[in-house]
Number of protein chains: 2
Amino acid sequence: MTTGIKDVAKAAGVSAATVSRVLGNGPVSADLREKVEAAIRATGYRPNLSARRLRSQHSRTIGLIVSDIRNPFFTTLSRSVEDAAYRAEMRVVLCNTDENPDREAMYLRLMQEERITGLIYAPTRTTAASLDERNFDFPVVLVDRTGPNGVHDAVVIDNAGAAGQLVGHLHDHGHSRIFGLFGNTSSTAIERHDGYRSAMIMRGLEPDARFVAPHDRAAAEALTERLASGERPDAVVVSNGLMLLGAYRAMRAAGLETPRDLALTGFDNETWTELVGSGLTVIEQPVADIGRTAMDLLFERLNRPDMAPRKVVLSGRLVARGSSARVG
Amino acid sequence: MTTGIKDVAKAAGVSAATVSRVLGNGPVSADLREKVEAAIRATGYRPNLSARRLRSQHSRTIGLIVSDIRNPFFTTLSRSVEDAAYRAEMRVVLCNTDENPDREAMYLRLMQEERITGLIYAPTRTTAASLDERNFDFPVVLVDRTGPNGVHDAVVIDNAGAAGQLVGHLHDHGHSRIFGLFGNTSSTAIERHDGYRSAMIMRGLEPDARFVAPHDRAAAEALTERLASGERPDAVVVSNGLMLLGAYRAMRAAGLETPRDLALTGFDNETWTELVGSGLTVIEQPVADIGRTAMDLLFERLNRPDMAPRKVVLSGRLVARGSSARVG
DNA sequence: AGGCGGATTGAAAACGTTTTCAGACGATAC
DNA sequence: GTATCGTCTGAAAACGTTTTCAATCCGCCT
C-alpha cells in the first residue's frame, strides 16, 4: 500500500539492498547514493520502524516507569530522560503505575514485549523487593527508589542525610518537637524516615513520626489529626512535595501560620513552596541530573554488560526559607 | 535467540498458527487452547510487538505532541490521554517540541515512521498554518490550539469568551486600566487577546496589550517594564500559567501586592495560584476533559474516516479569588 | 597476460508474527 | 449412503526491512 523500500529501489533503478545502505550510511558510490536520495524525495518514502526493528533486533527504545507523571519530580525527570534519549536518537515509552503493583507488573511485561533497549524505573516498595530475582533481558536503572540488595544500577539522593539535615536545621533554629510525616509506598520515604529518626535521637529529641499513603489528602488528614491531639509539635518534616502541599493546606485550615505557629518543611522545591507566605524551607533534589545520570548509567551498562552494579548517590540541597525561621 | 511463537508451538505440539490464534482469541478448540496456554507459561514466551505490528499493520500506538510536558496543562493532558489509551490497550509516544518548528517537523516525521494509529497534537502557530495542506495517513486531533480552516478535528476551550469573562469580572470589580500580557507562539494566545480586546472595547475601555515569548522570564520582564512606564494599570490579564507565574514574581519584585496595588489574573488553575496571598483569580480549563474528548474524537474518526471535521469547544470556568477583589 | 584484492552491488534469506488458503474431520440433511 | 456444510487445524505466504553471501568490476602487481 504505502511506498516501501522496493518502490524507491525501482524508482532509482537499484536494488533494495542499496537503498537500505543509503539509509544506513553503508558503502554506496556517490552517484548511486545521489540517485537513491532523489528517489526517496520523489516518492516521499518513510521507513517503517516496525520492520526495521524486527529485522535489526534493535528497538532503540527506552522505557520509563514512574508512579505519576503529574508528580513534579517525575515530570522533570521524564523531560530530562527524553532529552537525553532523543539526543541519542531513541524513543521513550512512558508508563504511569499510580503506585499500583498490578499496573507495574503489566508495564514490565509490556517493556519485554517492546524489546526495549533499557529501562529507567522508580519501583514501588513491594515490587522493588522482588526485583533482584527477576531476570530482564535489558538493563534496568533504578531512580529515586531502590531495592534492598542492588543487582541493578541505581541513582538516588542521600535521603537519610537530607532528612537529617532538615532536622538539624530545625533544631538549630530552636525547634525541638519535630513531627515527621512520611509516605508508605517507597523505599525513599523509609530512608527519609530513618534519617529523620536517627537525627532526632542523636540530638536527644523524641521521634514522632507517621506513615501514610503518599497523597496530599492523606497527608492533610494525618496532620490535622496530629495537630488536634496531644501536645502540638512546633515543626514538621514532610517526605515529598505532594504531601507537603496537603500538610500546608491542613495547617492553614487549622488557622495556623508558618513559621509563627509551626515550622513546615519538606522535600521537593516546587514552585509554590517559594511563593507561599515567606516561603517553605525544603530539600531541593537535582532532578534533571538524576535523569541524565540514569541515562548515562544505562548507556555504559549497554556497552559493558558485565560491570558490577553501581549506585550513584547525589545530594539534595537545603533551601532555607521563612518557614523555618527562629521564632519568639 | 529468545523464545518465539514456534518454540511455543513445538512445546505444545501444534502449529504456529494455532498459537497465534490462541493469542488473538481466534477459533481454537478448548483442549488445544489449554495445551498452548500451558506451553506459553512453561516457556515464558513474550510476543514480539515489532513483528506483530509489522505483520498486522496495526501499531496500536497514538502519538502526542506538545510543547513541554512540564507545563502543567500538558502534564495533566498527557496523563488523561495515556489513561484513555491504555484503557484501549494502546501505547502513547510523547514528544516535546519546545515550541520549535524544527523539532515539530522531526516529530511529525517520526510519527509517520512509527505508523501511528492517530495523533493528538498541540501545534505551534507557524506549523498550524500549514497543517491543512499536509496529508497524514493517520487522523489528527488538534488540542488547545488550532489551525485556521479546520481540516482536522479539534478540541479547544472558548478562549475569547474566557478572556472576555476575565475582563468583565475585573471591570465589574472596579478595575478599568487592564493590561493584557499574551504569548506569541500559539493560536490560543491570539484568541485570548482577541477576546480581551473586544471585551475592553465593548466596555469602553482602552486595550493595552503586549505579546511576548510564552515563558515566565519574558512575562516577568514585560510586566516589570510596563509597570515602570506611563500610567500604571490597576489590573492584569495573563494568557497562561507559566507567564502568570512570571508576572506574579515581577509584581512582588516591584514591591506590589495583589489586590491592593494590582489585580493579577490569568489562565490555568495551578496549585500555587490558590495558595498565594488571598489567591489569584484564574480561568480553570477542564484539562482532563480535553484529553478524554480528544481521544474520543480520535476513535470516532478511526471508525468513520469520512465524517466532516468537528471542533469541540469546552468552556473554561472563572475561579474568583482574592486577587480580583474590589479595593478601596 | 593473468591473478589478486578491495570496493560496490544485487539476490535471497532472515527477523517473528498474522493471515490466507486449503485440507481434514464430524455432523447434519437428503 | 452420499452430499453438503461448518468448524478446526496446519502449511505457507506475507509484512518491510537489514544482513549475508556471492558476484562483478576495476586497478594494480608480478
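In what follows, every chain begins at residue 1, and chains take the letters A, B, ... in the order their sequences are listed. It should be emphasised that the depicted structure is a prediction, and the values quoted were computed from it without experimental measurement.
Remark: T18(A) engages S15(A) in a side-chain hydrogen bond (donor to acceptor under 3.5 Å, both in side chains) (not counting sequence neighbours). The side-chain hydrogen bond (donor to acceptor under 3.5 Å, both in side chains) search around D83(B) returns R79(B), not counting sequence neighbours. For R103(A), the side-chain hydrogen bond (donor to acceptor under 3.5 Å, both in side chains) test picks out Y107(A), with sequence neighbours left out. Partners of S59(B) under the side-chain hydrogen bond (donor to acceptor under 3.5 Å, both in side chains) rule, at least two apart in sequence or in another chain, are T117(B).
The CZ atom of R55(A) sits 6 Å away from the C1' atom of dC15(C) (whole-angstrom rounding). Between the P atom of dT17(D) and the NZ atom of K10(A) lies a distance of 14 Å, rounded to the nearest Å. Atom NE2 of H58(B) is separated from atom C1' of dT19(C) by 11 Å (rounded to the nearest Å). Taking atom CD on E114(A) and atom P on dG16(C), their separation rounds to 16 Å, with Å as the unit. Rounding to whole angstrom units, NZ of residue K6(A) and C1' of dA12(C) are separated by 10 Å.
Within the structure, every side-chain polar atom (N or O) of Q57(A) is placed at least 4.0 Å from both OP1 and OP2 of dT17(D). Residue T18(B) places none of its side-chain N or O atoms closer than 4.0 Å to OP1 or OP2 of dT9(D). A close approach under 4.0 Å does not occur between any side-chain nitrogen or oxygen of S56(B) and OP1 or OP2 of dT18(C).
Proximity of residues 21-42 of chain A to DNA chain C (heavy atom under 4.0 angstrom from any strand atom) is restricted to R21(A), V28(A), S29(A), L32(A). Of the residues in residues 44-54 of chain A, those with a non-hydrogen atom less than 4.0 angstrom from any atom of DNA chain D are Y45(A), R46(A), P47(A), N48(A), A51(A), R52(A).
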Please lay out, stage by stage, how E114(A) and R53(B) fare under the test salt bridge (charged side-chain N to carboxylate O under 4.0 Å, His left out).
CA-CA 11 Å; E114(A) 290 276 5; R53(B) 289 201 262 252; 2.7 Å; yes
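Residues G4(B) and Y45(B) come closest through the heavy atom pair C-CE1, 3.6 Å.
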